[in-house]
Amino acid sequence: MNAVRHLLVLPDRDAARDAAEAAAERFDLEDDPQVVREALAGDDDAEDAQWLVVIEDPASALTHADLDALACEYDGWHEEE
């Protein structure tokens, strides 16, 4: 299987940190998820940023349903990179 990188897109830093902690606890991950700020195009204001939780999935073992459910718990969504 090919390695996959999953992104959880969340509305704020607190939600992203909480989702990253939940992912680390819920899934058997080799590496801790990373929390990254993504500024929206043309916006300099931190209030207009999205926060990403980057989850490395080298074995492609995580299901879309599980990741979608986790993201939804924190008012976000899941994308596969």
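Being a predicted model, the structure only gives us computed values, none of them experimental.
For the pair P33 and A20, the tightest heavy-atom approach, listed with the atom from each and the gap, is CG-O, 3.7 Å. Closest approach of L10 and A15 over heavy atoms only: CD1-O, 3.9 Å. Between A23 and L29, the shortest heavy-atom contact is O-CD1, 3.7 Å. Residues I55 and L8 come closest through the heavy atom pair CD1-CD1, 4.0 Å. Residue D75 comes nearest to P11 through the heavy atom pair O-CD, 3.5 Å, listed as atom of the first residue, atom of the second, then distance.
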Q | Trace of the side chain to side chain contact (heavy atoms under 4.5 Å, CB included) decision for F27 with L70 | A | CA-CA 11 Å; F27 308 123; L70 175 62; 3.8 Å; yes
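Applying the salt bridge (charged side-chain N to carboxylate O under 4.0 Å, His left out) test to residues at least two apart or on different chains, the pairs with a partner in residues 24-33 are R26-E73.
The distance from atom CG of D14 to atom CH2 of W51, rounded to the nearest 0.5 Å, is 9.5 Å. From D68, atom CG reaches atom CD of E79 across 10.5 Å, with rounding to the nearest 0.5 Å.
Following chains of ILVMFWY side-chain contacts shorter than 4.5 Å, one cannot reach W77 starting from Y74, and the two form parts of different hydrophobic clusters. Under the 4.5 Å side-chain heavy-atom criterion for ILVMFWY residues, no single connected hydrophobic cluster contains both L67 and L52.
Under the side chain to side chain contact (heavy atoms under 4.5 Å, CB included) criterion, R17 pairs with R13, sequence neighbours left out.
When side chains are defined from C-beta on, L7 does not count as touching V36, because their heavy atoms never get closer than 4.5 Å.
Ring geometry for H78 versus H6: interplanar angle of 30 to 60°, hence tilted.
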